[in-house]
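Following: one structure in structure tokens, then a few remarks.
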Amino acid sequence: MTIAPDRPAGRTHWTDAQLLHALEEVVERELNRHQGVAKEWMPHEYVPWSQGRDFDGLMGGEAWSVEQSRVTDVARVSLVVNLLTEDNLPSYHHEIASMFGRDGAWGTWVHQWTAEEGRHSIVMRDYLLTTRAVDPVALERARMTHMAEGFESDNSHSMLHSVAYVSFQELATRISHRNTGHNSGDPACDRMLARIATDENLHMVFYRNLLKAALEIAPDQAMRAIADVVINFRMPGHSMPGFERAAVQIAVGGIYNLRIHHDDVLQPVLRHLKVMEITGLGPEGLQAQQELGFFLEGLDTQATRFDERQAAILARRQAAQERRAG
Ligand SMILES: [Fe+2]
Ligand SMILES: [Fe+2]
């Protein structure tokens, strides 16, 4: 893809305010497209309420214990990480409302997106508590700790960095929910997470299309933003209690790891935007594009090493299981 040489004469650097203004029309078009394809859905329909019963405490019911949980060990870890991530919505709303504003098409998107995201924590918590999939006391304590920390974006200094980040992050969330469902061992959980993943995909498409327009308007700056975001990417839940340990279990369990991050999150967005094929960049854009190329090669190599380690761990686990069984 060659960038048409119709940039405003003499424009060397776009400010965030100029970009927000220049992209407003694209936001309006994408918002209309989004509203045409996003289907209404009801969180309560995804919860098997008949499996629910009172807990101990005020209701005098039965306390939670792990044998009550029907989901797999890795899904139990991943569901909590994913729910706590969704729970931090007030902080995300604050971040994007501060960056994109609350007026016009940008504001409409910010509020629409926030309302849609709200469904995700509602349905997940209802499912988890009704089916006794996770420890409700540990979940609530982790939510308090995580939310009380707040979330501060790594990209709040730049509008283009913010748009690039959410393009990848929404897809990362989609893949993480989808793979958790597939590995949960419970068809009801799988169906609920597939529904959430559909929302996340539409969010990704919105931001990715916006990023595409930004690449056309301000190619060098957008390329720099994409390179920075890909190179420094970390999930929004990275600050939650026990994240590192959970991330290892989630990686080995095949829900989210370097291979998945490279193949199913970074590459689809980069390929769709033809980021590595864009020509006609200035020195800043060209340098960013080259850095991105080097980084992706290195990441692919690291992902291959991870694949090998993962295969070895899984083979050891399998052998230990067979020894126990035999
Ligand atoms: Fe979400
Ligand atoms: Fe989302």
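Whatever order the structure lists them in is the order used to number ligands and atoms, beginning at 1. Position 1 is the first residue of the sequence; numbering continues from there.
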Apply side chain to side chain contact (heavy atoms under 4.5 Å, CB included) to the pair Leu270 and Phe168, showing each step before the final yes or no.
-> CA-CA 9 Å; Leu270 295 171; Phe168 295 107; 3.9 Å; yes
Which N, O or S atom of His120 lies nearest to the Fe ion (ligand 1), by name | ND1
Is there an N/O/S atom in Glu170 at a distance below 2.8 Å from the Fe ion (ligand 1)?
-> no
Taking atom types as modelled, is there a side-chain donor on His120 or Glu200 under 3.5 Å from an acceptor on the other?
-> yes
Counting backbone and side chain alike, does Glu86 bring an N/O/S atom below 2.8 Å of the Fe ion (ligand 1)?
-> yes
Using 4.0 Å as the upper bound for N to carboxylate O, is an ion pair formed by Glu140 and Arg143?
-> yes
Of all N, O or S atoms in His203, which has the smallest distance to the Fe ion (ligand 2)?
-> ND1
min-distance N/O/S atom, Glu117 vs the Fe ion (ligand 2), resolves to OE2
Are the charged groups of Arg178 and Asp190 less than 4.0 angstrom apart, N to O?
-> no
Taking the six-membered ring of Phe55, is the NZ or CZ of Arg132 close enough (under 6.0 Å from the centre) and on axis enough (within 45°)?
-> yes
In plain terms, say whether Asp220 and Arg224 are close enough for a salt bridge, that is, a side-chain N and a carboxylate O under 4.0 Å apart.
-> no
Backbone or side-chain N/O/S of His177 under 2.8 Å of the Fe ion (ligand 1) | no
Of all N/O/S atoms in Glu200, the name of the one nearest the Fe ion (ligand 1) = OE2
